[in-house]
Amino acid sequence: MRQWLEGLEEKHGLDKLTRQARQLVIISFVLLLVLVIYRGFFVQGDTFNWRPVVAFVLPLVLFLPSIIGQRARGHAWLAFVSLLYFTQGVMLATLPGQGMRGVLEALVALALFTGCMGYARFRSRQQRLNG
């Protein structure tokens with residue numbers, strides 16, 4: 001895996017890979033946030049309770065400073081948090097009537113994980129080379 005990534009870095013360059021990973025992070029972060037908010041507001045049923053919405057949105061929102069500040073360490077931590085949403089998506093996919101939404105949430109969380117890990121690697125290597 002390490003050799004493959006180093007070959008990828010040599011072929012495309014760190015700047016391009018960092019930029020692409022950041023784009024994947026931003027797109028998947030926004031999509032995951034929309035999916036979680038949608039579930040909270042529209043899928044709960046007749047009675048609305050704001051606490052579950054806050055409980056699912058807050059962990060994502062706490063990483064906004066790291067995303068905006070382009071910090072590699074924050075992206076690495078966000079990758080691990082995204083695995084919780086992946087697990088939740090897989091669990092939702094097994095429920096009757098929630099299959100598509102669960103699969104979509106799992107795929108978006110997996111994209112966020114991949115983007116965050118790529119960004120953390122490429123950005124930290126980029127900073128190490130630039131001094």
Side-chain angles (χ1 to χ4, degrees):
M1 181 72 148
R2 182 178 176 181
Q3 291 174 345
W4 177 75
L5 284 171
E6 288 173 356
L8 199 63
E9 291 169 3
E10 287 177 19
K11 183 178 179 182
H12 298 287
L14 280 174
D15 292 336
K16 181 179 179 182
L17 292 172
T18 304
R19 190 173 48 256
Q20 288 176 340
R22 180 160 169 75
Q23 289 173 346
L24 180 60
V25 167
I26 291 171
I27 291 168
S28 56
F29 181 84
V30 169
L31 282 174
L32 188 60
L33 202 56
V34 167
L35 284 171
V36 170
I37 291 171
Y38 172 78
R39 182 189 46 203
F41 283 119
F42 299 109
V43 181
Q44 281 187 1
D46 296 337
T47 60
F48 174 73
N49 189 358
W50 58 270
R51 287 183 208 121
V53 176
V54 171
F56 285 111
V57 169
L58 187 61
L60 290 174
V61 172
L62 289 176
F63 284 98
L64 271 175
S66 291
I67 292 174
I68 293 169
Q70 300 182 18
R71 287 181 240 144
R73 181 173 284 168
H75 281 75
W77 280 105
L78 178 58
F80 296 120
V81 170
S82 72
L83 293 177
L84 298 172
Y85 292 93
F86 172 79
T87 305
Q88 178 180 307
V90 170
M91 287 183 351
L92 275 174
T94 63
L95 295 175
Q98 302 294 323
M100 276 310 262
R101 208 180 87 240
V103 168
L104 185 61
E105 187 170 328
L107 289 175
V108 170
L110 189 60
L112 181 60
F113 174 81
T114 305
C116 284
M117 290 307 292
Y119 183 81
R121 176 189 169 87
F122 301 138
R123 180 72 175 152
S124 62
R125 288 178 65 91
Q126 191 179 44
Q127 289 174 331
R128 211 174 301 134
L129 290 175
N130 292 336

Nearest atoms (heavy-atom pairs only) where [X] meets [Y]:
| X | Y | value |
| --- | --- | --- |
| A79 | C116 | CB-CB, 3.6 Å |
| A21 | G115 | CB-O, 3.8 Å |
| R71 | P65 | NH2-O, 3.2 Å |
| L112 | S82 | CD2-CB, 3.8 Å |

Determine whether [X] and [Y] fall in the same hydrophobic cluster, where Ile, Leu, Val, Met, Phe, Trp and Tyr are linked whenever their side-chain heavy atoms lie under 4.5 Å apart.
| X | Y | answer |
| --- | --- | --- |
| I37 | V30 | no |
| I26 | V81 | yes |
| V108 | V90 | no |
| F63 | V61 | yes |
| L92 | L107 | no |

Would you compute the distance between atom [atom1] of [X] and atom [atom2] of [Y] and round it to the nearest 0.5 angstrom?
| X | Y | atom1 | atom2 | result |
| --- | --- | --- | --- | --- |
| L110 | L32 | CG | CG | 11.5 Å |
| F122 | R22 | CZ | CZ | 15.0 Å |
| L14 | R125 | CG | CZ | 6.5 Å |

Under 4.5 Å between any side-chain heavy atoms of [X] and [Y], yes or no?
| X | Y | value |
| --- | --- | --- |
| L78 | L60 | yes |
| S124 | R73 | no |
| M91 | L95 | no |

Exercise. Which pairs, with at least one residue in residues 102-123 and sequence neighbours excluded, count as a salt bridge (Lys or Arg N to Asp or Glu O under 4.0 Å)?
Worked result: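 Sorted result for residues 102-123: E9-R121, R39-E105.
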Exercise. Which of these, V36, L33, L84, sits in a side chain to side chain contact (heavy atoms under 4.5 Å, CB included) with F56?
Worked result: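 The passing option is V36.
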Problem set entry | Pairs flagged by ring-ring contact (aromatic ring centres under 6.0 Å, His included) wherever residues 73-120 is involved - sequence neighbours left out |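 Passing the test, one end in residues 73-120: H75-Y119.
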